[in-house]
Amino acid sequence: QAQLVESGGGLVQPGGSLRLSCAASGSIFSINDMAWYRQAPGKQRELVAHITSGGTTKYADSVKGRFTISRDNAKNTVFLQMNSLKPDDAAVYYCNAEIVGRTWREGTYNLWGLGTQVTVSS
C-alpha cells in the first residue's frame with residue numbers, strides 16, 4: 001500500500017503565500033489524477049484543484065488566478081502554490097491521488113493524506 005504525506009501548511013497573513021507539498025510513497029507503479037481538497041470547520045470538504053497525469057489542471061472558481069497546482073511525476077509529488085491568501089482560504093488541506101499499485105492484487109485505488117492546516121489571519 002501507498003501513503004500520502006502533506007507538508008507546507010502554517011499561519012500566514014492575508015495577502016501572503018504558502019506552498020503545499022504532497023509526497024506519495026510505498027508500493028506505487030504510477031499515479032493517475034492528483035488533487036487538493038480543503039475542509040473548513042463546519043463545512044463540507046471541497047475540491048480546490050485537480051491535475052491529471054498529463055498535466056491538465058482545473059480549479060475551483062474561488063481560487064482561480066491565485067492558486068497553481070503542479071506535479072513532479074518522477075518524485076510522485078504534487079504541489080499547491082497559494083498566493084494572495086484570504087481568510088476564507090483557511091482550512092485543512094488534503095491531498096488526494098489515484099494510485100496504481102505495483103501488483104495486480106493492489107490494483108488501482110483512491111488515497112487520501114491526513115491533511116495540513118492552513119491558517120490565514122493577521
Please report the shortest heavy-atom distance between [X] and [Y], naming the atom on each side.
X	Y	answer
Val118	Gly9	CG2-CA, 4.3 Å
Ala40	Ala91	N-CB, 3.8 Å
Thr52	Asp33	CA-OD1, 3.5 Å
Gly8	Leu18	O-CD2, 3.8 Å
Ala49	Tyr59	CB-CD2, 3.6 Å

Are [Y] and [X] connected into the same hydrophobic cluster when the rule is that any two of I, L, V, M, F, W, Y join if their side-chain heavy atoms are below 4.5 Å apart?
X	Y	result
Tyr109	Ile28	yes
Tyr94	Val63	no
Ile69	Ile99	yes
Val92	Val5	no

Say whether, by atom type as modelled, one donor and one acceptor occur between the side chain of Arg66 and the main chain of Ser62 under 3.5 angstrom. yes
Please confirm whether the backbone N or O of Leu114 pairs with a side-chain atom of Glu6, one donor and one acceptor, at under 3.5 Å?
->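 The answer is yes, because a donor-acceptor pair under 3.5 Å joins these two groups.
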Please report the interatomic distance [atom1]([X]) to [atom2]([Y]), rounded to the nearest 0.5 Å.
X	Y	atom1	atom2	result
Ser25	Gln3	OG	CD	4.0 Å
Ser122	Leu11	OG	CG	9.5 Å
Met34	Glu98	CE	CD	11.0 Å
Arg45	Arg38	CZ	CZ	13.0 Å

Report the relative orientation of the aromatic rings in Phe67 and Tyr93; use parallel for angles under 30°, tilted for 30 to 60°, perpendicular for over 60°.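 Ring orientation of Phe67 relative to Tyr93: tilted.
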Ile31 versus Asn73: any side-chain heavy-atom pair under 4.5 Å? no
For Val100, the other hydrophobic cluster members (4.5 Å side-chain criterion, sorted by chain and number) are Phe29
Under 3.5 Å, side-chain donor or acceptor atoms of residues 79-86 against the rest of the protein: list the pairs with distances, not counting sequence neighbours.
from  : atom 1 : to    : atom 2 : distance (Å)
Gln81 : NE2    : Asn83 : OD1    : 2.9
Asn83 : OD1    : Ser17 : OG     : 2.9

Inset, instruction - Please collect all disulfide (SG to SG under 2.5 Å) contacts where either partner lies in residues 10-78, sequence neighbours excluded, each pair once. - result: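 The answer is Cys22-Cys95.
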